[in-house]
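Indexing begins at 1, ligand by ligand and atom by atom, following the structure's order.
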Amino acid sequence: MTSVPCHTNNPGIPDEETLRFLHGLSNRDPAARHQAMTSLRSTIDNWLQGYGSPPDSSIIQNSAPYPSTSHLQAHLPNILRLSECCPFDDIREWCKGLLDELKERGNGLKVPRRIGRGPSTFIPKEEVSSFTCVVSRQTQSLFVDAFLQNNRLDYVTQLMGFHPCYLECFLRTQQYLLRGDGPLPFHFRHYIAIMAASRHQCAYLIHLHEQEFILQGGDCEWLKNPACIPKKLKDLYHVNKILAHRPWLLNKSHIEKLTRGKDNWSVSEVVQALILLAHFHALCSFVYGCGIKDEVDHTSHSFRPPSPSDTGSNDSDESSDSSEPEIGMEVLIGRMKKLQEDEEETTEEERLKRFEKVETQNAELPTTSKRPSPKAEILKYVEDQDFCYQDFANRVDEITSFRAHEYSWEDHGFSIANRLYSDIGSHLDEKFNKAYNLTYYTMGEMTDVDTTQFRISIWNYIHCLYGIMHDDYNYHTVNQLLERSLKAYIKTVTCYPERLTKKDYDSVMKGFKHSEKVHVNLMLLEARLQGELLYALRAVMQYMT
Ligand SMILES: CC(C)C[C@H](N)C(=O)O
């Protein structure tokens with residue numbers, strides 16, 4: 001345990017000492033884990049001997065420190081979390097036993113209750129593969145990797161565990177962005193993650209990265225009072241806002257502003273920052289799209305009885321119109337077949353018209369649900385909180401559609417990313433391909449289904465929300481395969497993820513399995529990420545030429 005603990009007085013942010021202790025348990029080597037457990041055990045024994053007041057020094061028989069009650073108390077939510085989600089059986093069992101023992105013996109200590117509630121409010125916990133269920137070897141070893149990388153087996157990872165071959169790629173890329181070679185210091189990377197997540201008020205990601213920020217030696221003043229962050233980071237606020245909500249407005253002048261002057265951003269740093277921002281904006285969509293709950297140690301819920309949101313019955317918000325019947329899976333499959341059989345020849349002009357039609361229809365979709373009002377602990381990170389998505393079709397600026405054949409990820413984005421921030425292009429490319437091509441040839445209970453058309457229409461529809469047109473694509477397909485309620489869901493998750501409700505999730509893709517809904521959310525994440533990056537990297541290219 002280290003010196004100078006960082007006391008943040010924020011319920012979401014434990015002190016540095018607690019975080020270091022967790023570090024000790026995150027070890028691949030069972031002997032090292034055992035040692036970490038023994039040392040914590042001695043610390044707790046010291047406390048138990050003294051029941052909250054320092055015991056007579058003759059009783060302390062080991063070299064472990066004597067903890068204060070509040071200090072020990074601060075460990076408990078984390079011990080609870082480990083007792084519920086840790087891929088190492090030894091730690092999980094040990095934590096369970098410890099909590100039970102403290103409940104009996106820990107005079108005055110408030111011991112949180114185990115609730116085993118699962119990662120999502122939308123998906124029953126029995127459906128989610130985790131350490132308690134039988135998961136494949138591959139998934140199990142990915143969970144261990146994630147635990148070691150992030151000091152936890154987080155809920156995002158658990159849900160992505162439905163799709164291990166994607167998860168592998170996701171973890172590798174995120175690890176590279178946060179811990180790999182790159183121009184930005186580690187604590188900056190986490191602060192940028194916080195800034196990105198705050199655009200969608202995503203407390204889940206904000207709290208995770210506040211902790212990582214502290215572990216990377218970040219100054220906790222930046223968390224308490226974001227007004228005191230360095231000017232260099234402040235300069236990123238504007239770009240963050242545009243990229244998150246109206247990326248088509250990004251141009252070379254924004255890059256110029258960041259790179260001008262002394263002690264400002266280098267182009268490589270800008271590229272890493274833009275990719276981090278886009279990565280975390282898109283991850284917010286995944287978090288909300290799948291109804292991911294707060295991590296066990298991020299709230300004080302475990303001291304009180306479960307709330308409706310813990311049990312997944314929180315659907316009080318009325319937002320989507322679920323009265324409209326869905327077309328049903330059989331009709332959908334029939335339409336896909338038909339589209340494949342009679343491929344229609346279209347002119348460029350016709351394709352453009354169809355694209356514009358889908359775009360105009362987007363603007364007509366209802367987005368009635370209200371924005372949740374953020375808590376002060378989130379608001380402190382947000383500037384201009386009213387700035388949000390605006391329908392591309394209703395833009396006031398003279399901006400034309402982005403033509404993907406003039407600037408595409410494969411031919412342009414990929415190489416400029418790789419050139420300015422080595423290897424990132426390849427990591428992202430692999431991840432995009434995994435998400436774009438992932439298929440099990442199933443749809444609900446049906447097998448041997450070619451779902452290509454459906455999946456491509458989701459991807460291209462998301463790009464359409466951002467004004468990106470794929471010139472060789474017939475947008476008529478989008479209207480054939482994506483019904484209004486599904487389009488509304490996709491639009492909400494992509495553009496206003498914080499407004500999504502359980503009811504929205506329940507009322508679309510009715511015959512689909514939960515793992516398939518998560519699959520759709522992976523595509524939303526990646527297509528949004530790629531859309532933002534196309535604009536961001538085009539702006540960088542324009543600045544450089
Ligand atoms: C999103 C889902 C409809 C994807 C489908 N299960 C497939 O294997 O392609």
Side-chain angles (χ1 to χ4, degrees), residues 119-120 122-124 127-129 135-136 138-139 156 158-170 282-283 285-292 320 325-341 430-465 470 473 477-494 497 500 504-531:
S120 159
F122 299 171
I123 307 173
E127 295 255 350
V128 183
S129 56
V135 292
S136 68
Q138 185 194 10
T139 313
V156 167
Q158 285 186 44
L159 283 190
M160 287 183 180
F162 277 125
H163 305 286
C165 80
Y166 170 83
L167 174 61
E168 189 203 353
C169 223
F170 175 87
L283 196 53
S285 288
F286 184 81
V287 168
Y288 286 106
C290 296
I292 288 182
S320 76
E326 288 209 313
I327 55 172
M329 202 162 287
E330 265 152 48
V331 177
L332 185 61
I333 292 175
R335 287 190 189 170
M336 281 195 293
K337 275 207 187 115
K338 189 140 191 298
L339 281 166
Q340 234 164 7
E341 279 157 16
E430 207 185 318
K431 191 155 64 75
F432 289 143
N433 283 325
K434 278 270 157 65
Y436 192 84
N437 295 317
L438 184 69
T439 180
Y440 307 89
Y441 301 97
T442 58
M443 212 173 224
E445 296 303 325
M446 318 269 222
T447 51
D448 289 325
V449 188
D450 181 352
T451 59
T452 316
Q453 300 263 4
F454 179 71
R455 289 180 291 106
I456 294 181
S457 60
I458 291 181
W459 190 280
N460 287 349
Y461 179 64
I462 295 158
H463 281 186
C464 179
L465 291 168
H470 293 266
Y473 186 69
T477 311
V478 167
N479 276 346
Q480 286 279 296
L481 303 182
L482 308 185
E483 54 198 324
R484 233 170 101 87
S485 58
L486 182 53
K487 278 184 176 170
Y489 172 83
I490 295 174
K491 182 176 173 184
T492 307
V493 176
T494 309
L500 193 85
D504 296 331
Y505 176 89
D506 288 340
S507 60
V508 291
M509 302 182 271
K510 284 211 178 104
F512 285 32
K513 298 191 168 139
H514 287 291
S515 64
E516 292 180 314
K517 291 188 172 191
V518 173
H519 184 167
V520 168
N521 274 286
L522 293 179
M523 298 189 60
L524 301 190
L525 184 172
E526 295 297 335
R528 174 177 183 188
L529 172 62
Q530 195 179 69

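- By the criterion of a heavy-atom distance under 4.0 Å, the side chain of T451, and not its backbone, is placed next to ligand 1.
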I would like to know whether K431 and L529 meet side chain to side chain contact (heavy atoms under 4.5 Å, CB included); could you show each step before the answer?
-> CA-CA 11 Å; K431 191 155 64 75; L529 172 62; 3.5 Å; yes
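- Between H163 and Y440, the distance separating the two ring centers is shorter than 6.0 angstrom.
- Nearest protein neighbour of atom 5 (C) of ligand 1, counting heavy atoms only, is T442 O, 2.9 Å.
- Some N or O of E516 is nearer than 3.5 Å to an N or O of ligand 1, by distance alone.
- Side chains of Y489 and N521: a donor-acceptor N/O pair is present below 3.5 angstrom, by distance only.
- Contact between R455 and ligand 1 is present, with at least one heavy atom of the residue lying under 4.0 Å from the ligand.
- Residue V520 approaches ligand 1 through these ligand atoms, each under 4.0 Å from one of its heavy atoms: 1 (C).
- In Y441, the part holding a heavy atom less than 4.0 Å from any atom of ligand 1 is the backbone.
- Remark: among candidates V449, L522, T439, N437, the nearest residue to atom 7 (C) of ligand 1 is T439, based on non-hydrogen atoms.
- Close contacts of ligand 1 with Y440, meaning ligand atoms under 4.0 Å from a residue heavy atom, involve 7 (C), 8 (O), 9 (O).
- Ranking the protein heavy atoms by distance from atom 3 (C) of ligand 1 puts F512 CE2, 3.5 Å first.
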List the steps, then state whether side chain to side chain contact (heavy atoms under 4.5 Å, CB included) holds for M336 with I333.
-> CA-CA 5 Å; M336 281 195 293; I333 292 175; 4.2 Å; yes
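- Geometrically, K517 engages Y505 in a cation-pi contact, judged by NZ or CZ lying under 6.0 Å from the ring centre and within 45° of the ring axis.
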